[in-house]
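Input: a single structure, listed below in structure tokens.
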Amino acid sequence: MLDIKYIITNLDLVKEKTARRGAEFDFDTLLALDEERKKLILEGEELKQKRNEFSKSFPLIKKQGGDVETAQKEMKQVSERIAALDKELADVQERQRGMLLTLPNLVDDSIPVGKSEEDNTLYRDWGVKPSLAFEPKAHWDIAESLGLVDFERGTKVAGARFSAYKGMGAKLERALINFMLDTQSSRGYTEVMTPFLVNAASMTGTGQLPKFEEDAFKCERDGLYLIPTAEVPVTNLYAGEILDEADLPIKHCAYSPCFRREAGSHGKDVRGLIRQHQFNKVELVKFVKPEEGWKELELLLSDAENILQLLGIHYRVMTLSTGDIGFTSAKTYDIEVWLPGQDCYREISSCSCFMDFQARRANIRYRKPGDKRLDFVYTLNGSGLAVGRTFVAVLENYQLPDGRISVPEVLRPYLGGAEIIG
RNA sequence: GGAGAGGUGGCCGAGUCAGGUUGAAGGCGUACGACUGGAACUCGUAUGUGCGUGAAAGCGUACCGAGGGUUCGAAUCCCUCCUUCUCCGCCA
């Protein structure tokens with residue numbers, strides 16, 4: 001959420017940056033609501049002052065035997081007027097907040113301007129495409145033939161886009177989770193394990209609501225949502241709090257399953273593990289001082305990349321264009337891993353700086369010791385990494401001519417020393 | 001799920017059972033100043049957030065878990081909800 005005062009004083013800039021995303025927004029109505037809001041506050045507070053003054057003098061007047069009844073009657077009317085104004089004000093404020101919650105974040109000037117993912121630009125890459133001396137298989141074939149994933153039975157128990165890992169497949173998934181958590185912990189991220197169901201306030205805080213309700217699984221009876229990413233519970237851990245500057249940066253890593261409806265993805269990636277309604281992810285979340293936000297984004301990206309480097313898998317980093325970047329983000333890097341079985345790069349991590357956009361929604365502030373005023377923190381997050389897709393990448397990049405999988409060096413301690421799967 | 005007791009400022013804790021100048025006593029903590037060679041102790045002063053207004057100082061207004069009600073006036077009375085603790089039941 002953007003600051004209404006900032007919008008008013010920087011209207012042209014905000015309009016231009018919103019347009020750069022290709023987003024539409026009715027700024028005129030927003031500003032009119034703000035005028036209305038101020039008018040109502042002014043009139044209401046004048047009347048409240050009047051009422052307060054009377055209330056203070058009331059006991060005195062009564063003591064002196066003065067006429068109280070006329071004033072009482074008058075004050076009753078004043079109170080009724082105040083109540084009406086307050087109600088109107090609450091309505092205007094709610095409408096204004098409702099609008100502000102649907103206005104996307106300002107894009108950073110460093111990101112490419114464009115209409116879609118076609119306009120994303122290469123930031124850097126690492127490693128090289130493996131040159132396999134045989135025709136690489138897709139992960140679903142490998143997983144099926146080695147008995148690592150049972151797609152059919154997963155679908156039987158839950159439906160399409162659900163699968164069941166088994167045997168070494170289940171162990172490999174678990175190994176990846178532990179490997180990622182251990183690695184990120186050793187790089188200064190404090191591990192947290194948070195609820196997998198969250199309330200609407202949390203979903204609003206990180207920006208999934210109100211605009212993207214249809215993407216989430218919801219428990220209607222309880223008003224709870226299955227998290228689409230650990231970003232939601234972890235970021236909202238500090239909602240409404242005032243942090244000490246000395247505690248910043250706060251860095252967390254968290255494992256969680258992620259649940260997504262994948263609305264609008266019908267017929268896309270129907271085979272394999274790439275697009276599931278439920279997948280595992282290790283998420284990185286940071287709360288930092290504004291002046292350190294951009295530096296921290298680069299560090300966050302490095303921490304995510306590090307996992308693929310340790311696994312020895314080729315990838316590239318893309319800077320998302322204004323047409324592809326998410327609603328809440330000011331700047332996002334996607335890490336795309338190379339998948340030989342599908343002969344393409346696939347997103348395996350998304351690292352974003354939200355500036356104070358989420359902090360404003362979730363009301364996360366911090367206090368500087370010397371400075372009296374409070375300031376919103378910057379929040380950042382990124383996958384470190386998406387586990388399911390890492391599983392896919394390991395299978396496709398480490399497949400052997402005989403159909404088996406050689407286990408990446410760093411994962412062997414997590415698999416009882418196993419060097420080969422199959 | 002049942003019964004009971006609570007939720008007040010950074011923390012502790014009065015005030016609620018007699019509604020009125022209570023943003024809220026007192027203490028702790030913190031900051032600054034005085035004292036000191038330096039420190040402890042002691043003393044003094046200050047110490048919430050949002051919003052409106054203003055160049056600023058300031059002034060005004062709201063907030064005592066959340067929301068609603070009664071009243072000229074609510075931290076205080078009434079209702080609903082959330083949450084914490086204790087006991088019972090159930091359960092991994």
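Here B/rC43 sits opposite B/rG33 as a Watson-Crick or G-U wobble pair (both hydrogen-bonding atom distances under 3.5 Å). Pairing for B/rG19 is absent, with no Watson-Crick or G-U wobble pair whose two atom distances lie under 3.5 Å. The pairing partner recorded for B/rG58 is B/rU53, the criterion being a Watson-Crick or G-U wobble arrangement whose two distances lie under 3.5 angstrom. Here B/rC28 sits opposite B/rG10 as a Watson-Crick or G-U wobble pair (both hydrogen-bonding atom distances under 3.5 Å). Of all nucleotides present, none satisfies the Watson-Crick or G-U wobble test against B/rG73 with each distance under 3.5 Å. Base pairing of B/rU80: its partner is B/rA66, meeting the Watson-Crick or G-U wobble criterion (both donor-acceptor distances under 3.5 Å).
Within the 4.0 Å cut-off from OP1 or OP2 of B/rU71, not a single side-chain nitrogen or oxygen of A/S79 is found. Put simply, A/N52 has a side-chain N or O that comes within less than 4.0 Å of OP1 or OP2 on B/rU61. For B/rG52, one of the phosphate oxygens OP1 or OP2 lies less than 4.0 angstrom from a side-chain nitrogen or oxygen of A/K5. A/R367 has a side-chain polar atom (N or O) that falls below the 4.0 Å cut-off from OP1 or OP2 of B/rU49.
Nucleotides B/rA25 and B/rG15 are separated by 14 Å at their P atoms, to the nearest Å. Nucleotides B/rA75 and B/rU22 have their C1' atoms positioned 9 Å apart, rounded to a whole Å. The P atoms of B/rA39 and B/rC32 are separated by 12 Å, rounded to the nearest whole Å. A distance of about 14 Å separates the P atoms of B/rU16 and B/rC78, rounded to the whole Å. Comparing B/rA57 with B/rG65, their P atoms sit 31 Å apart, to the nearest whole Å. Straight-line distance between the C1' atoms of B/rC88 and B/rC77: roughly 32 Å, to the nearest whole Å. Here, B/rA24 and B/rG60 have their P atoms 12 Å apart, quoted to the whole Å. Using P as the reference atom, B/rU76 and B/rG89 are 37 Å apart when rounded to the nearest Å.
Side chain of A/I41, nearest nucleotide from B/rG60, B/rG52, B/rC72: B/rG52. Of the candidate nucleotides B/rG20, B/rU71, B/rG52, B/rU71 has the atom lying nearest to any side-chain atom of A/K76. The side chain of A/R365 has B/rG50 as its nearest neighbour among B/rG20, B/rG52, B/rG50. Distances from the side chain of A/K48 to the nucleotides B/rC72, B/rA62, B/rU53 place B/rA62 closest. Taking every side-chain heavy atom of A/R51 into account, B/rG73 is the closest of B/rG48, B/rG73, B/rU53.
Protein atom CG of A/L85 is 16 Å distant from nucleotide atom P of B/rG52, rounded to whole Å. Atom CD of A/E241 is separated from atom P of B/rG65 by 18 Å (rounded to the nearest Å). Atom CG of A/D3 and atom P of B/rG50 are 12 Å apart (whole Å). Nucleotide B/rG52 holds its C1' atom 13 Å from the CG atom of A/D86, rounded to whole Å. Protein atom NZ of A/K56 is 16 Å distant from nucleotide atom P of B/rG73, rounded to whole Å. For the pair A/L89 CG and B/rU61 C1', the interatomic distance rounds to 11 Å; values are reported in whole Å.
Taking the charged nitrogens against the carboxylate oxygens, A/R367 and A/D375 have no contact shorter than 4.0 Å, which rules out a salt bridge. Between A/K15 and A/D12 there is no salt bridge, since no side-chain nitrogen of the basic residue lies less than 4.0 Å from a carboxylate oxygen of the acidic one. Salt bridge A/D86/A/K48: present, at least one basic N to carboxylate O contact under 4.0 Å.
Using a 4.0 Å heavy-atom distance criterion, A/K39 is classed as making no nucleic acid contact.
For the atom pair CG (A/D182) and SG (A/C253), the distance works out to 9.0 Å, reported to the nearest 0.5 Å.
A/F196 and A/Y255 have perpendicular rings, their planes meeting at more than 60° on a 0 to 90° scale where under 30° would count as parallel.
Under the 4.5 Å side-chain criterion, counting only non-hydrogen atoms from C-beta, A/E173 is not in contact with A/L273.
Here A/F58 packs flat against the base of B/rG20; its ring centre is closer than 5.5 angstrom to the base's six-membered ring, tilted by less than 30 degrees.
Here the two rings, on A/H277 and A/F217, have centers that are under 6.0 Å apart.
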